**Q** 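Below you will find the structure I want to go over with you.
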Amino acid sequence: MSIRTVALDNGFRIATEDMPGLKSAAVGLYVFAGGRHERREQNGIAHFLEHMAFKRTTTRTATEINEAIEGVGGMLNAYTGKEATAFYSRVLAEDVPLAIELISDIILNPVFHSDDIDLERNVILQEIGEAADMPDDMLFDGLQKSIYPRQSLGRSILGTQDLVSKFDSGDLKRFVSERYVPENMILAAAGAIDHEEVARLAKSYFGGMAGKQPNPDAPGKFSRGEFRKSKKIEQAHLALVFEAPGFLSPKDHVARVYSAVMGGGTSSRLFSEAREKRGLCYTVSASVNSYADTGTVLLHAVTGQRELPEMANLFVDEIKKSASDIREDEIERARTQIRVGFLMSLESPTSRIERLARYLGFFGRIPGTEEIIAQFDAVDALKARDFAKELIESESAAMAVYGRVKSAPRLEYLTARLSE
């Protein structure tokens, strides 16, 4: 398997990885234009634009786009994140040229027709309404607003009903002109592909785009905050979060190993203590969310109102304990989970193009498999304990609780307990 990269004169980049033995391939265009790149009045525009890409182009109707990809048994989809929007396809090897052509068509030749905008507006409003009925979505949206106040990172990717109701073709075109520039784009392909062919097709479709240096991202600034929302549902959703290194930091690997020790599986500390020993909850986990320059370590549980105080205290107690008693066998188990998960993901061409684009976009290069695994293998118990101590001493903590929250302790109480 070989990774190859090339850049066009206008700054557009191509990354490919051949996977011998496969009959299919994944192709994706990654545009570093996501929720964090929106101004306040644009909140939700990146996601709206993702929806509009599939409506119609100057050469195809929405039906013709769908028929073209499904006519070869392939798929074409997209998603919007905080830092990028991806348009990707999965096809057989002989249909890679079609996939690249379709992706280029929906990106370079969109027609923002008013009828399509109104139709998709209603779809997105329904999506916003659906998210409002999902406790997890409401918990994490509220948490984001608390830890990144008055920042684009703190706003919902879906936007607000008020803003989405007002977006028009001018708003969409303005965001495209600002962010959909070649320096912000990477075409990634993996599987049964030919690098030279992919590069040639990319140049023919995207080589004529005018270069334009995008504005740099405003740095994310983590803030202590507390989100509480009472809702008559069966249980309480609780999250305790700490500031963590960004994706570009060498400590990102330490954070991920630490998170796996705390709540990465059924052998983790939180699962063993909260569920197996005390029966406090059905769902409990720890996870890392990394942006380029900042991130979070998050502990999450769904529990009953009666159990909520003990669950919150357990989070604090386990973090305090981890600063002194994480063992090497726990670290080895966590590293193995991460290593195996990473290696398994390499069997998927779609996972590979995600990796190609993410590393090339943020690091400017794509490290090999051995280098990535070595970074996780370098994390030992001492580094994990030191990381826990840094979380405690930084006092960069926040919390969110949604549902039956009456019995939930306040953040001030938890952080005071943490520093005892």
Side-chain angles (χ1 to χ4, degrees), residues 1-32 34 69 72-79 81 83-104 106-107 182-207 247-248 252-253 256 290 292 338-377:
M1 300 180 187
S2 60
I3 296 174
R4 297 179 65 183
T5 63
V6 65
L8 304 182
D9 291 341
N10 61 3
F12 187 96
R13 288 169 288 176
I14 302 104
T16 66
E17 186 168 10
D18 178 40
M19 300 172 67
L22 268 65
K23 300 293 186 182
S24 66
V27 180
L29 180 67
Y30 293 80
V31 187
F32 293 89
I69 192 66
V72 298
M75 58 80 69
L76 181 65
N77 209 340
Y79 69 82
E83 297 184 302
T85 303
F87 304 85
Y88 60 98
S89 179
R90 186 74 188 274
V91 291
L92 293 179
E94 59 265 31
D95 298 312
V96 167
L98 173 65
I100 295 175
E101 193 271 324
L102 282 172
I103 291 173
S104 71
I106 64 176
I107 297 302
E183 293 89 343
N184 262 356
M185 295 181 172
I186 294 174
L187 181 72
I193 55 93
D194 178 86
H195 173 81
E196 300 299 338
E197 180 184 43
V198 172
R200 177 182 60 81
L201 291 169
K203 184 176 181 179
S204 68
Y205 294 124
F206 299 100
F247 181 67
L248 296 176
D252 181 58
H253 303 91
R256 293 182 185 280
S290 297
I338 293 170
R339 184 190 312 114
V340 172
F342 172 64
L343 291 174
M344 285 182 175
S345 74
L346 296 182
E347 297 179 359
S348 164
T350 303
S351 295
R352 282 184 180 259
I353 62 173
E354 290 268 350
R355 170 176 163 245
L356 293 175
R358 183 172 174 83
Y359 276 101
L360 184 59
F362 290 124
F363 279 100
R365 70 180 188 91
I366 303 166
T369 300
E370 296 79 8
E371 181 181 346
I372 293 173
I373 290 175
Q375 290 172 325
F376 287 110
D377 285 344

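Atom set for the values below is all heavy atoms of this structure, side chains included, hydrogens, waters and symmetry mates excluded. This structure is a prediction, so every number in the text was calculated from the model and none was measured.
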**Q** Glu354 versus Tyr30: any side-chain heavy-atom pair under 4.5 Å?
**A** yes

**Q** With a 3.5 Å cut-off and no angle check, do the side chains of Asp252 and Ser290 form a donor-acceptor pair?
**A**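 Side-chain D/A pair, Asp252 to Ser290: present.
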
**Q** Are Phe363 and Phe247 close enough that their ring centres sit under 6.0 Å apart?
**A** yes

**Q** For the side chain of Ser104 and the backbone of Glu101, is there at least one donor-acceptor N/O pair under 3.5 Å apart?
**A**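 Indeed, once roles are kept as given, a pair shorter than 3.5 Å links the two residues.
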
**Q** Which heavy atom of Gly191 sits nearest a heavy atom of Leu22, and at what distance?
**A**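 Nearest pair, atom of Gly191 first, then Leu22: CA-CD2, 4.1 Å.
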
**Q** Do Phe376 and Arg256 come close enough that some side-chain heavy atom pair is under 4.5 Å?
**A** yes

**Q** Using every non-hydrogen atom in the two residues, find where Thr5 and Ala15 come nearest and quote the distance to one decimal.
**A** CG2-CB, 4.0 Å

**Q** Considering non-hydrogen atoms only, spot the tightest contact between Pro367 and Tyr359 and give its length.
**A** CD-CD2, 3.4 Å

**Q** Any chance you could measure Ile338, atom CD1, to Ile372, atom CD1, to the nearest 0.5 Å?
**A** 12.5 Å

**Q** I need the minimum non-hydrogen distance between Val96 and Ala25, along with the two atoms involved.
**A** CG2-CB, 3.7 Å

**Q** Find the distance between NE2 (His195) and OG (Ser2) and round it off to the nearest 0.5 Å.
**A**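 Going from the NE2 atom of His195 to the OG atom of Ser2 covers 9.0 Å.
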
**Q** To the nearest 0.5 angstrom, please state how far the CG atom of Leu29 sits from the CD1 atom of Ile186.
**A** 9.5 Å

**Q** Go through the steps to decide whether Ile14 and Lys203 satisfy the test side-chain contact (heavy atoms from CB on, under 4.5 Å), and finish with yes or no.
**A** CA-CA 9 Å; Ile14 302 104; Lys203 184 176 181 179; over 6 Å; no

**Q** At what distance, to the nearest 0.5 angstrom, does CG of Leu76 lie from CG of Leu98?
**A**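 Here the rounded value is 9.0 Å.
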
**Q** Report the distance from atom CD of Glu371 to atom CD1 of Ile366, rounding to the nearest 0.5 Å.
**A** 11.5 Å

**Q** Show your reasoning for whether side-chain contact (heavy atoms from CB on, under 4.5 Å) applies to Arg355 and Phe342.
**A** CA-CA 10 Å; Arg355 170 176 163 245; Phe342 172 64; 4.0 Å; yes

**Q** Would you mind reporting whether Phe362 and Glu83 have side-chain heavy atoms less than 4.5 Å apart?
**A**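 Sidechains of Phe362 and Glu83: in contact.
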
**Q** Given side chains that start at C-beta, do those of Leu343 and Thr369 come closer than 4.5 Å, heavy atoms only?
**A** yes

**Q** I'd like to know whether Ile3 forms a side-chain contact (heavy atoms from CB on, under 4.5 Å) with Thr16, so could you lay out the CA-CA distance, the side-chain angles of the two residues, the decisive distance to 0.1 Å, and finally the verdict.
**A** CA-CA 6 Å; Ile3 296 174; Thr16 66; over 6 Å; no

**Q** Between side-chain atoms of residues 85-93 and protein atoms elsewhere (two or more places apart, or another chain), which donor-acceptor pairs fall under 3.5 Å?
**A**
{"residue": "Thr85", "atom": "OG1", "partner": "Ala33", "partner atom": "O", "Å": "2.7"}
{"residue": "Ser89", "atom": "OG", "partner": "Met75", "partner atom": "O", "Å": "2.8"}
{"residue": "Arg90", "atom": "NE", "partner": "Ser24", "partner atom": "OG", "Å": "3.4"}
{"residue": "Arg90", "atom": "NH2", "partner": "Ser24", "partner atom": "OG", "Å": "2.8"}

**Q** Looking at Glu17 and Arg4, is any side-chain nitrogen of the basic one under 4.0 Å from a carboxylate oxygen of the acidic one?
**A** no

**Q** Once rounded to the nearest 0.5 Å, what's the spacing between atom OH of Tyr205 and atom CG of Leu8?
**A**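 Tyr205 atom OH to Leu8 atom CG measures 14.0 Å (nearest 0.5 Å).
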
**Q** Applying salt bridge (Lys or Arg N to Asp or Glu O under 4.0 Å), name anything that partners Glu197, two or more places apart in sequence or on another chain.
**A**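 In terms of salt bridge (Lys or Arg N to Asp or Glu O under 4.0 Å), with neighbours along the sequence ignored, Glu197 is linked to no residue.
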
**Q** Which atoms form the tightest heavy-atom contact between Pro20 and Asp18, and what is the distance?
**A** CD-O, 3.5 Å

**Q** Sequence neighbours excluded, which residues qualify as salt bridge (Lys or Arg N to Asp or Glu O under 4.0 Å) partners of Asp95?
**A** none

**Q** Any sub-3.5 Å donor-acceptor pair from Arg13's side-chain atoms to Leu187's backbone N or O?
**A** no

